[in-house]
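Worksheet: the structure to be examined is printed underneath.
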Amino acid sequence: MKLSFLILILIISIFSLANCTTYSDVLKHKIEIDTDKLTYSLSKECIEKDKNSEYSICIPEITLSNYKESFINVKSEKCQKFYTDIDKSKYYPICSKNPLYNEYLQMQVIKYIKRVLEIQCLLDENNELCPLALCDIQGGAYFNDPLSNNCRSKQCTDKLIEIYKDLNLDQYAALENLSTSNVKYSYNKLTSIKDSISYVNSDTCKKLQKTNNKNISTSSAMTIKFNNILSTI
């Protein structure tokens with residue numbers, strides 16, 4: 001039986017963000033979703049409805065080939081309403097009857113997914129993907145210290161700060177409390193998250209910024225790698 005699209009995107013978002021942040025150990029270790037328990041509890045009708053939901057565009061698997069269209073959808077009025085609506089069950093009337101699936105419709109879980117999607121939608125002054133966005137979309141592949149590289153663009157940094165402001169302990173608690181997840185965050189790991197947020201607000205990060213918008217380049221190495229990736233598509 002195919003895994004629910006909503007839950008698949010959550011799993012992807014956890015692992016991709018884990019590989020692209022200075023607090024990767026917070027998300028990378030002891031993360032396991034019991035997909036068998038979850039998937040086999042869902043009816044075929046639920047799987048089909050989930051797959052063909054008109055709101056699947058609001059929780060996309062963003063790739064280098066679809067990111068422009070995905071960004072438009074994520075930022076659309078329709079999707080913004082979906083993210084903020086407290087009652088998600090009306091969007092998934094069949095699947096929401098399943099208690100395990102319904103846990104993934106919690107406001108805090110959806111907020112977490114939304115924050116990850118917003119990170120993947122980060123664009124710099126030249127309307128190009130920010131280093132952290134590029135790394136996250138690629139699942140952490142190809143890049144070294146993307147958070148520091150992200151600091152090279154003021155726009156990338158400012159937007160990331162705004163997103164980080166909306167990441168809170170309630171979202172991590174919601175991930176911990178999923179019946180099909182063994183996610184556990186220790187005090188030290190949560191402190192690491194705060195340290196990462198502090199870093200993008202720090203003078204160290206600000207010193208890496210390039211202020212010439214006409215010639216701004218978040219990282220020449222990142223650009224070369226990005227072009228190489230695109231040439232293979």
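These numbers come from the heavy atoms of this one structure, side chains and all, not from hydrogens, waters or symmetry mates.
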**Item:** Test item: K88 and Y104 side chains (from C-beta on) under 4.5 Å apart, heavy atoms
**Value:** no
**Asked** For C156 and L132, what are the C-alpha separation, side-chain angles and deciding distance, and is it a side chain to side chain contact (heavy atoms under 4.5 Å, CB included)?
**Response** CA-CA 9 Å; C156 291; L132 188 58; over 6 Å; no
**Prompt:** In terms of side-chain geometry, is the basic nitrogen of K154 or D158 positioned less than 4.0 Å from the acidic oxygen of its partner?
**Reply:** yes
**Message:** List the residues meeting side-chain hydrogen bond (donor to acceptor under 3.5 Å, both in side chains) with E69, not counting sequence neighbours, and say none if there are none.
**Reply:** none
**Fill in**
Taken to the nearest 0.5 Å, the spacing of S70 OG from E61 CD works out to 9.5 Å
**Item:** Members besides I86 in its Ile/Leu/Val/Met/Phe/Trp/Tyr cluster (side-chain heavy atoms under 4.5 Å)
**Value:** M107
**Item:** Side chain to side chain, P60 and N66, heavy atoms closer than 4.5 Å
**Value:** no
**Request:** Please round to the nearest 0.5 Å and tell me the distance separating atom CG of L42 and atom NZ of K97.
**Result:** 14.0 Å
**Asked** Tell me the disulfide (SG to SG under 2.5 Å) pairs involving residues 83-126, sequence neighbours left out?
**Response** C46-C95
**Request:** Determine whether the side chains of S96 and N102 contain a donor N or O and an acceptor N or O closer than 3.5 Å.
**Result:** no
**Item:** N150 vs V200 side-chain heavy atoms within contact, under 4.5 Å
**Value:** no
**Complete:** Note: with side-chain heavy atoms under 4.5 Å as the link, the other cluster members for I72 come out as none
**Message:** Whether K49 engages the ring of Y92 as a cation-pi pair (distance to the six-membered ring centre under 6.0 angstrom, angle to the ring normal within 45°) should be assessed.
**Reply:** no
**Asked** Between S148 and Y199, do the side chains contain an N or O donor and an N or O acceptor separated by less than 3.5 Å?
**Response** yes
**Message:** Quick one: does any side-chain atom of S76 pair with a main-chain N or O of N73 as donor and acceptor, under 3.5 Å?
**Reply:** yes
**Request:** Verify whether one side chain among Q108 and D170 offers a donor that lies under 3.5 Å from an acceptor in the other.
**Result:** no
**Item:** Smallest separation among heavy atoms of V109 and E103, with atom names
**Value:** CG2-O, 3.9 Å
**Item:** For the student: nearest non-hydrogen atoms of C58 and F82, plus distance
**Value:** CB-CD2, 3.8 Å
**Request:** Can you measure from CD1 (I62) to CD (Q120) and round to the nearest 0.5 angstrom?
**Result:** 4.5 Å
**Asked** Partners of I163 by side-chain contact (heavy atoms from CB on, under 4.5 Å), sequence neighbours excluded?
**Response** R115, E118, I119, L122
**Message:** Using every non-hydrogen atom in the two residues, find where Q171 and D166 come nearest and quote the distance to one decimal.
**Reply:** NE2-O, 2.6 Å
**Request:** Evaluate the side chain to side chain contact (heavy atoms under 4.5 Å, CB included) criterion for residues L117 and F71: first the C-alpha distance (whole Å), next the side-chain angles of each, then the deciding distance (0.1 Å), finally the verdict.
**Result:** CA-CA 8 Å; L117 293 174; F71 292 0; over 6 Å; no
**Request:** Flag yes if more than 12 heavy atoms outside K81 fall under 6.0 Å of its NZ atom; otherwise flag no.
**Result:** no
**Prompt:** From T63 OG1 over to Y67 OH, what is the distance, rounded to the nearest 0.5 angstrom?
**Reply:** 10.0 Å
**Prompt:** Can a salt bridge be assigned to the pair K90 and D85 using a cut-off of 4.0 Å between side-chain N and carboxylate O?
**Reply:** yes
**Prompt:** Taking the side chain as C-beta and beyond, is there a heavy-atom pair between Y83 and V74 under 4.5 Å?
**Reply:** yes
**Prompt:** When S153 is tested against each of Q209, K159, E125 for side-chain contact (heavy atoms from CB on, under 4.5 Å), which residue passes?
**Reply:** E125
**Asked** If you measure from OG1 on T157 to CG on L208, what distance do you get to the nearest 0.5 Å?
**Response** 8.5 Å
**Prompt:** Is the backbone N or O of L123 less than 3.5 Å from a side-chain atom of N127, with the two atoms forming a donor-acceptor pair by type?
**Reply:** no
**Item:** Transitive ILVMFWY side-chain link L100 to I94, under 4.5 Å
**Value:** no
**Item:** CG on D50 to OG on S43, rounded to 0.5 Å
**Value:** 10.5 Å
**Message:** Run the side-chain hydrogen bond (donor to acceptor under 3.5 Å, both in side chains) test against K165 and tell me which residues pass, sequence neighbours left out.
**Reply:** E162
